[in-house]
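Written below as structure tokens is the structure these notes are about.
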2 protein chains.
Amino acid sequence: MDRVRIFSDYLERKGLKTTNQRNVILKAFLNSRSHCSTEDLYLKLRKKHPRIGYATVHRTLKLLAESGIAIEQHFGDGQARFEPARADGHHDHMVCIKCGLIIEFEEPQIEELQKQVAEVHHFKISNHRHELYGFCFRCADK
Amino acid sequence: MDRVRIFSDYLERKGLKTTNQRNVILKAFLNSRSHCSTEDLYLKLRKKHPRIGYATVHRTLKLLAESGIAIEQHFGDGQARFEPARADGHHDHMVCIKCGLIIEFEEPQIEELQKQVAEVHHFKISNHRHELYGFCFRCADK
DNA sequence: TTAGATATTGAAACTGGTTTTCAATATCTT
DNA sequence: AAGATATTGAAAACCAGTTTCAATATCTAA
Ligand SMILES: [Mn+2]
Ligand SMILES: [Mn+2]
Ligand SMILES: [Zn+2]
Ligand SMILES: [Zn+2]
């Protein structure tokens with residue numbers, strides 16, 4: 001289903017209202033490069049919509065995360081980043097600690113193993129974070 | 001080698017000084033329950049050493065992390081937690097999002113797979129985080 | 001041992017991303 | 001169209017963490 005629809009359904013279910021700002025922010029978010037911070041998106045929006053406030057951008061990103069359209073990431077630099085959830089499912093990240101490059105990866109065997117480990121401890125996983133920090137191909141050989 | 005010695009060697013190597021506060025904080029940290037925040041350790045210390053300041057506790061925990069004696073963790077509640085590094089090596093965590101219980105796990109196969117994934121992308125891992133969030137055995141069945 | 005150089009300390013101020021407040025405005029329901 | 005309710009943007013508050021600074025402690029070299 002269309003993500004615009006998913007969002008308006010979510011809003012209705014929660015007794016919230018559809019507004020112009022929310023629509024504009026949703027569209028800009030979906031077209032944005034991945035892993036953008038509130039600040040990133042706010043600055044990008046400001047060009048065409050100078051009256052939208054930072055607080056509204058951040059509130060809307062939180063709503064998008066709650067509705068499942070956005071995934072909130074924390075890569076250790078102290079600011080939240082958001083990326084559109086993918087239809088093709090979950091992925092994890094490698095983060096270059098020199099240049100900031102983010103590489104995405106999927107490894108079904110790891111997912112399976114972590115599921116097994118959780119079962120051993122009678123732990124019910126609701127989500128997880130798996131991040132590799134280090135040097136990308138470009139930064140590795142200095 | 002004794003961790004007290006490791007720390008004083010580290011301080012000397014960096015041109016820093018051995019002080020009473022640093023010794024007291026190191027000992028309290030090593031005896032503390034794992035995964036304690038600066039606040040946790042500060043409050044614990046205050047009973048016997050009411051003149052030690054919060055800033056000194058936090059500065060010392062950072063030094064302990066730099067020297068390899070402590071590992072700094074972030075479990076998504078916005079505050080850093082520290083645990084003594086183990087002689088028996090690395091481990092990862094499951095965090096109960098209801099009661100806060102932290103379960104530690106080691107899974108060499110996952111470590112090996114993540115190493116392989118990194119190699120495919122010519123990425124040189126310097127450290128990683130792998131955390132499972134969900135419900136512990138006690139909280140799972142409500 | 002002592003004097004000078006240097007680092008540390010604790011309290012308080014500051015930082016920066018995030019969250020909340022609040023009065024004005026927009027949306028929704030009848 | 002009017003009343004009820006939610007949203008908005010600017011500014012203030014929040015809060016873990018970090019920095020500042022004058023007083024104090026540690027270290028080094030006579
Ligand atoms: Mn991603
Ligand atoms: Mn641990
Ligand atoms: Zn890089
Ligand atoms: Zn629990």
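Note that the structure is predicted; figures quoted are calculated from it, not measured. Lettering of chains follows the sequences in order, A, B, ..., and the numbering in each one begins at 1.
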Separation of B:I25 CD1 from B:T38 OG1 (nearest 0.5 Å):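 With rounding to 0.5 Å, OG1 (B:T38) is 10.0 Å from CD1 (B:I25).
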
Can you check whether [X] has a side-chain N or O nearer than 4.0 Å to OP1 or OP2 of [N]?
X     : N      : result
A:Q21 : C:dA26 : no
A:T19 : D:dT8  : yes
A:Y54 : C:dT18 : yes
B:H58 : D:dA16 : no

hbond_proxy A:R59 side chain to C:dT21 base (donor-acceptor, 3.5 Å cutoff):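 Present.
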
Taking the nucleotide of DNA chain D with the nearest heavy atom to each, does A:P50 or B:G78 sit closer to the 5' end?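 In this pair, the answer is A:P50.
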
Mapping B:E72 and B:N20 to their closest nucleotides on DNA chain D, which lands nearer the 5' end?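 First, find each residue's nearest nucleotide; the 5'-ward one identifies B:E72.
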
Chi angles and distances behind the ring-ring contact (aromatic ring centres under 6.0 Å, His included) call for B:H93, B:F75: CA-CA 9 Å; B:H93 299 90; B:F75 294 145; 5.1 Å; yes

Can you confirm whether the side chains of B:E119 and B:H121 place a donor and an acceptor under 3.5 Å from each other?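 Not at all, the side chains of B:E119 and B:H121 share no donor-acceptor pair under 3.5 Å.
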
Is there a donor in the side chain of B:E106 and an acceptor in the side chain of B:H90, or the other way round, less than 3.5 Å apart?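 No, no side-chain donor-acceptor pair sits under 3.5 Å.
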
Is it true that A:E12 and A:K14 have a side-chain N and a carboxylate O under 4.0 angstrom from each other?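 Judged by the 4.0 Å cut-off on N to carboxylate O distance, A:E12 and A:K14 do not form a salt bridge.
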
Can you measure [X] atom [atom1] to [N] atom [atom2] for me and round it to whole angstrom units?
X     : N      : atom1 : atom2 : result
A:L61 : C:dT19 : CG    : P     : 11 Å
A:E39 : C:dT15 : CD    : P     : 17 Å
A:K17 : C:dT27 : NZ    : C1'   : 5 Å
A:R22 : C:dA26 : CZ    : P     : 15 Å
B:L41 : D:dA16 : CG    : C1'   : 16 Å
A:Q79 : C:dT15 : CD    : P     : 18 Å
A:I52 : D:dT7  : CD1   : P     : 15 Å
B:N23 : C:dT9  : CG    : C1'   : 15 Å

How would you label the contact of B:K14 with the nucleic acid (heavy atoms, under 4.0 Å): base, sugar-phosphate, or nothing?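 Contact class for B:K14: none.
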
Sugar-phosphate only, base, or nothing, as touched by B:S37 at under 4.0 Å among non-hydrogen atoms: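 Nothing: the residue B:S37, judged by heavy atoms under 4.0 Å, touches no strand.
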
Output the single nucleotide from C:dT19, C:dT6, D:dT8 whose closest atom is nearest the side chain of A:K62.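 Among C:dT19, C:dT6, D:dT8, the one nearest the side chain of A:K62 is C:dT19.
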
Selected nucleotide, minimal atom distance to B:A55 side chain, candidates C:dA12, D:dA10, C:dT9: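 Minimum distance to the B:A55 side chain belongs to C:dA12.
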
